[in-house]
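The basis for the numbers below is simple: all heavy atoms, side chains too, and nothing from hydrogens, waters or symmetry mates.
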Amino acid sequence: MKTKTKTQGAITALATFAVLGSLTLSATQASAVAPRALPSPAESAAALPVVNMEATVLAAQIDPRRADSTLTPGAKDSVLAVERALQARNLLDARWVDGYFGTTTITAYAAFQRSLGYTGLAANGLPGASSLATLGQSRFTVSHVIKPGSKVQRDGYVVNTRTQAMLAETERLLGRRLVLDQGSYNPGGDPTSAGTHDGGGVVDINVDGMSAATRTAVARALRQVGFAAWVRSPSQGNWPWHIHAVAINDTDQATQAQNQVGDYYLGFNGLANHRPDDGPRITIRTWEEYQRTR
């Protein structure tokens, strides 16, 4: 009787071991063939290149005005990502995918903007927040987003809220009120302006009653907050004394204003004669860079 019981116990133990082994094997096999969990949207976005909009827009203003193919510092990777996306849409030839946002890339980006149904200033070749986000879908994410804001009235002229904020900060630095002689979004309003005021970010400051030193101080303060600004005299053109200011990185700029920003960074006066910059020397910053230093 004892022998039979011992045999039955051994058989039961072997059967249990076999079942457990089978279960273990099945679990191992299952884990080997089970699909991996898909990455979350946040993980997918983190894997994409990041386009710094501030740097990209700056390059789009400066690079077309260069006499050579020097790249705008800090913009190469962002510009390359944009150019690759344009190439993927057959809007830019591979030889122009080089990190240089020159006139060919400007033309390609404007074509992309038009393909989205944009017209006028919204198709000026400068990457705007909406078009850049659309171009980047599944290809890159966008950081340091710039938006000109809505249009508002100032001194009887139209400016956008970004320009208005920049002017308000200039007034705070100077401790004095500034009055406009001309605003933005004024196509054909002043033939002597050569189209610079057709878009956003451009104003002329009235300097009546200001001394030469005060005019220079105002131009310096405007530059400090992110304007390309110059004191203009009657000897330079058919206009009275005034200060001309262009908000760097305003994505509503007309082409002529874009060119003036590029010239400013490259050390010129923003006029057709392309002479050296005659304004006060400061460390050039955009409005967003200025805000980060405060």
Side-chain angles (χ1 to χ4, degrees), residues 60-67 103 106 120-121 124-126 148 154-160 163-164 166-167 170-171 174 176-282 284 286-287:
Q61 294 163 103
I62 300 173
D63 291 354
R65 304 299 289 175
R66 294 186 187 277
T103 54
I106 288 281
L121 296 173
N124 61 0
L126 287 184
R154 180 187 171 101
D155 302 330
Y157 300 101
V158 179
V159 297
N160 58 48
T163 302
Q164 172 73 331
M166 294 170 69
L167 290 170
T170 304
E171 291 174 325
L174 291 168
R176 67 179 297 151
R177 174 94 165 85
L178 299 178
V179 178
L180 301 188
D181 267 345
Q182 188 177 179
S184 309
Y185 307 104
N186 187 32
D190 183 355
T192 67
S193 296
T196 56
H197 290 261
D198 288 6
V202 185
V203 295
D204 286 346
I205 308 293
N206 184 296
V207 298
D208 291 350
M210 290 186 190
S211 65
T214 300
R215 291 194 295 259
T216 300
V218 172
R220 179 180 290 107
L222 287 164
R223 289 184 171 199
Q224 285 174 338
V225 306
F227 285 100
W230 298 272
V231 177
R232 299 299 196 209
S233 72
S235 65
Q236 295 173 311
N238 184 26
W239 49 62
W241 282 96
H242 66 282
I243 296 174
H244 180 70
V246 184
I248 301 166
N249 269 12
D250 188 306
T251 56
D252 276 355
Q253 287 173 357
T255 300
Q256 298 88 334
Q258 297 173 33
N259 292 342
Q260 287 186 320
V261 170
D263 286 353
Y264 173 57
Y265 268 86
L266 297 174
F268 298 105
N269 63 1
L271 292 173
N273 59 31
H274 216 55
R275 290 180 179 170
D277 182 14
D278 56 6
R281 298 293 188 269
I282 66 156
I284 300 178
T286 67
W287 170 236

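At distances below 3.5 Å, at least one donor-acceptor pair connects side-chain atoms of D277 with backbone N or O atoms of G279. Not a single donor-acceptor pair under 3.5 Å links the side chain of S193 to the backbone N or O of T196. In this structure, the side chain of H242 does not engage the main chain of V207 through any donor-acceptor pair within 3.5 Å. Not a single donor-acceptor pair under 3.5 Å links the side chain of N249 to the backbone N or O of T286. Side-chain N or O atoms of Q253 include one that pairs as donor or acceptor with a backbone N or O of A247 at under 3.5 Å. In this structure, N124 contributes its side chain and L121 its backbone to a donor-acceptor pair below 3.5 Å. A distance-only check finds no donor-acceptor pair linking the side chain of N259 to the backbone of R65 [under 3.5 Å]. For the pair S184 (side chain) and V202 (backbone), a donor-acceptor distance under 3.5 Å is present. Side-chain N or O atoms of R154 include none that pairs as donor or acceptor with a backbone N or O of V159 at under 3.5 Å. W230 contributes no side-chain N or O that, together with a main-chain N or O of I243, makes up a donor-acceptor pair within less than 3.5 Å.
By the neighbour-count criterion of 12 heavy atoms within 6.0 Å, atom CG of N238 is sparsely surrounded, having that number or fewer from other residues, nucleotides or ligands.
Among all heavy-atom pairs drawn from G195 and A254, the shortest one is O-CB, 3.6 Å. Residue A245 comes nearest to F227 through the heavy atom pair CB-CD2, 3.7 Å, listed as atom of the first residue, atom of the second, then distance. Across all their heavy atoms, H274 and F268 have their closest contact at O-CD2, 3.4 Å. Between A221 and T170, the shortest heavy-atom distance links the atoms CB-CG2, 3.8 Å. Of all heavy-atom pairs between P64 and I106, the closest is CG-CG1, 4.0 Å. A228 approaches I248 most closely through the heavy-atom pair N-CG1, 4.0 Å.
Using a 4.5 Å heavy-atom cutoff, the side chains of H197 and D190 are not in contact. The shortest distance between side-chain heavy atoms of I205 and L180 falls below 4.5 Å. The closest side-chain heavy-atom distance from Q236 to D278 is below 4.5 Å. Using a 4.5 Å cut-off on side-chain heavy atoms (C-beta onward), N186 and Y157 make no contact.
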T163 and W287: CA distance, side-chain angles, deciding distance, side-chain contact (heavy atoms from CB on, under 4.5 Å) verdict: CA-CA 9 Å; T163 302; W287 170 236; over 6 Å; no
Steps toward side-chain hydrogen bond (donor to acceptor under 3.5 Å, both in side chains) verdict (D250, N160): CA-CA 9 Å; D250 188 306; N160 58 48; 2.8 Å; yes
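Atoms NE2 and CG, on H244 and L222 in that order, are 11.5 Å from each other to the nearest 0.5 Å. Atom-to-atom distance recorded for D263:CG and Q61:CD is 11.5 Å, nearest 0.5 angstrom. Rounding to the nearest 0.5 Å places OH of Y264 at 11.0 Å from CD1 of I62. Note that CZ of R177 is 4.5 Å distant from CG of D155, once rounded to the nearest 0.5 Å.
Electrostatic pairing of R232 and D181 does not count as a salt bridge here, judged by no charged N lying under 4.0 Å from a carboxylate O.
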